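Just so it is clear: chains get the letters A, B, ... in the order the sequence lines come, proteins before strands, and each one is counted from 1. Values below: every heavy atom of this structure, side chains too, minus hydrogens, waters and symmetry copies. All figures in this text were calculated on a predicted structure; none of them were measured in a lab.
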Number of protein chains: 2
Amino acid sequence: MTQGGWISTLKEEGAVRPRRTLAEEAADNLREFILLGKLEPSTSIPERELAEALGISRTPLREALRLLEIEGLVEYSATRRPRVADPSLQELTQYISVLGALEALAGETACVEATDAEIAEIQKLGHDMAEGSSELTALQFFQLDMRFHSSIVEASRNEPLIETHRQYNARLWRARFLSSQQVDRRDNTLSQHSDITAALIARDAKATRRALRDHLKSTISNITRIHEARDAAQTED
Amino acid sequence: MTQGGWISTLKEEGAVRPRRTLAEEAADNLREFILLGKLEPSTSIPERELAEALGISRTPLREALRLLEIEGLVEYSATRRPRVADPSLQELTQYISVLGALEALAGETACVEATDAEIAEIQKLGHDMAEGSSELTALQFFQLDMRFHSSIVEASRNEPLIETHRQYNARLWRARFLSSQQVDRRDNTLSQHSDITAALIARDAKATRRALRDHLKSTISNITRIHEARDAAQTED
DNA sequence: CGGTGATTTTTGGTATACCAAATTCCAAAT
DNA sequence: ATTTGGAATTTGGTATACCAAAAATCACCG
């Protein structure tokens, strides 16, 4: 070793990042397609065609599909034909239960682990949403909402928790996006967010947990409302 | 359709189960190897060699490794050389936090969803452990303990929750197995189990959650004790 | 016209070949 | 003896070929 441990510094900075494989990139691309709604639920995913479209061979694409299967964004038919996942209302409800438990844990942990700066950042996101409530588009409001929640989870500094939360969030992305179209729910969202923020600032673990779980409970009813509306519309056809 | 809906019955029975691929089988085999401790943490996993040993080609084996990576049992070096995961004490602690939150949710849910039969089954597992406490081997006691916890989670009837719990359980398997060698901790385990069972029988969601989280807290200290002992032993070499 | 069975086509699963990057090994130089 | 440079080897990543199963198509029959 020559001057001071600058090499280990480099390592910690993440400058030495793992090489990315085509499979991971493909998974990122596909995930984005699915989350942005460019691919409808139940759309079938022919491996050859998609591989060609992405300019890669089937081998890495298949690995990507496997990753997305575990994330819950892709599912396989009984004869193993991959398609975009289309979770039932029951599954969505189950996802939210788990998501609620994860966020509640994250909130509790954040009360202990988070820096003041991190809490301030969360508070700021809450403010931005409140300020812009009347101007923001559905998508913008939704994205801020997602970041608000993710920031809380990240403040827990629990890497596996963050990752698992990310996965459940992805599974719920579409349903939550659709339900975020209900502009009349914004006030409710905002008031619950300020409850959460207040509890975090007070570093009151119990209150934070309670506020987060209450919030997720109204998410369930929002999603249920939308889902039932869509089902009704479909039946009419 | 001929006589009664026996076809749909077949479907529900799972007789029409998805074809299993070599990748899934390989993942099962490898998982078993790792959980049973046949593969030490940090053991490197050469794809060709292992594929040959399993009698398959690298393609499905690589998919299996990808699955196990997400499960947290396999990790990749910066240059993407796969090896058996070797979680640090900090990671183990984080896993347990999440596991605790998952089991707490499962317990709450089970208070509402579980059938009396399911609760009786859980109670029976607790009894078996208590009865055999002085005779059972470490492995037997450990396996009953794992089944006790899994049964509670399964009683929640929340499929994604069960699956995520299974993954975290797998990540913690080895550490918990090692810490289960401390025979002197058995009484503590048993008394906590009976608290959990009592709360479940009373279908008292709050008490169940509390009992489960308390139980997991002592798991943390057990694992910490073992881990520090091993670290000390290693440093002596 | 509707259904049924065979045939063709498509699709996913697996094995294999090849490449580039990483690792190992060895010899030359200091 | 240690280090360094580079050749040889090993290893993971990707593309491709081939197979068997599934799905689609079509022709035939009631």
Undergrad: Quick one: do B:Arg66 and B:Glu63 make a salt bridge, cutoff under 4.0 Å?
TA: no
Undergrad: Quick check on DNA chain C: between B:Thr59 and A:Arg48, whose nearest nucleotide comes earlier from the 5' end?
TA: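 Between the two, 5'-proximity favours A:Arg48.
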Undergrad: So, applying side chain to side chain contact (heavy atoms under 4.5 Å, CB included) with B:Val84, which one of B:Val74, B:Ile45, B:Leu30 is it?
TA: B:Ile45
Undergrad: Given atom CZ of B:Arg80 and atom C1' of C:dA20, what is their separation to the nearest angstrom?
TA: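 Value for this atom pair: 15 Å.
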Undergrad: Within the 4.0 Å heavy-atom criterion, would you say B:Thr21 contacts the bases, only the backbone, or no part of the nucleic acid?
TA: sugar-phosphate
Undergrad: Could you check if a side-chain atom of B:Tyr168 sits within less than 4.5 angstrom of a side-chain atom of B:Trp173, using non-hydrogen atoms only?
TA: no
Undergrad: For A:Ile45, report the nucleic acid contact type (base, sugar-phosphate, nothing); a contact means any heavy atom under 4.0 Å.
TA: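 The answer is sugar-phosphate, as A:Ile45 gets under 4.0 Å only of primed atoms, P, OP1 or OP2.
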Undergrad: I want to check a possible cation-pi pair here: B:Arg80 against B:Tyr76, using under 6.0 Å from ring centre and within 45° of the ring axis as the test.
TA: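 B:Arg80 over B:Tyr76 ring: yes.
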Undergrad: If you assign each of B:Arg81 and A:Arg62 to its closest nucleotide in DNA chain C, which residue comes earlier from the 5' end?
TA: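 Its nearest nucleotide lies further toward 5', so the answer is A:Arg62.
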Undergrad: A:Arg20 CZ to C:dA21 P: how many Å, rounded?
TA: 18 Å
Undergrad: Between B:Glu47 and B:Arg62 (salt bridge meaning N to carboxylate O under 4.0 Å), is one present in this structure?
TA: yes
Undergrad: Any Lys/Arg nitrogen of B:Asp28 or B:Arg20 sitting under 4.0 Å from an Asp/Glu carboxylate oxygen of the other?
TA: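 Yes, charged N to carboxylate O under 4.0 Å.
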Undergrad: Identify the 5'-most and 3'-most nucleotides of DNA chain D with at least one atom closer than 4.0 Å to a non-hydrogen atom of chain B.
TA: D:dT11 to D:dA22
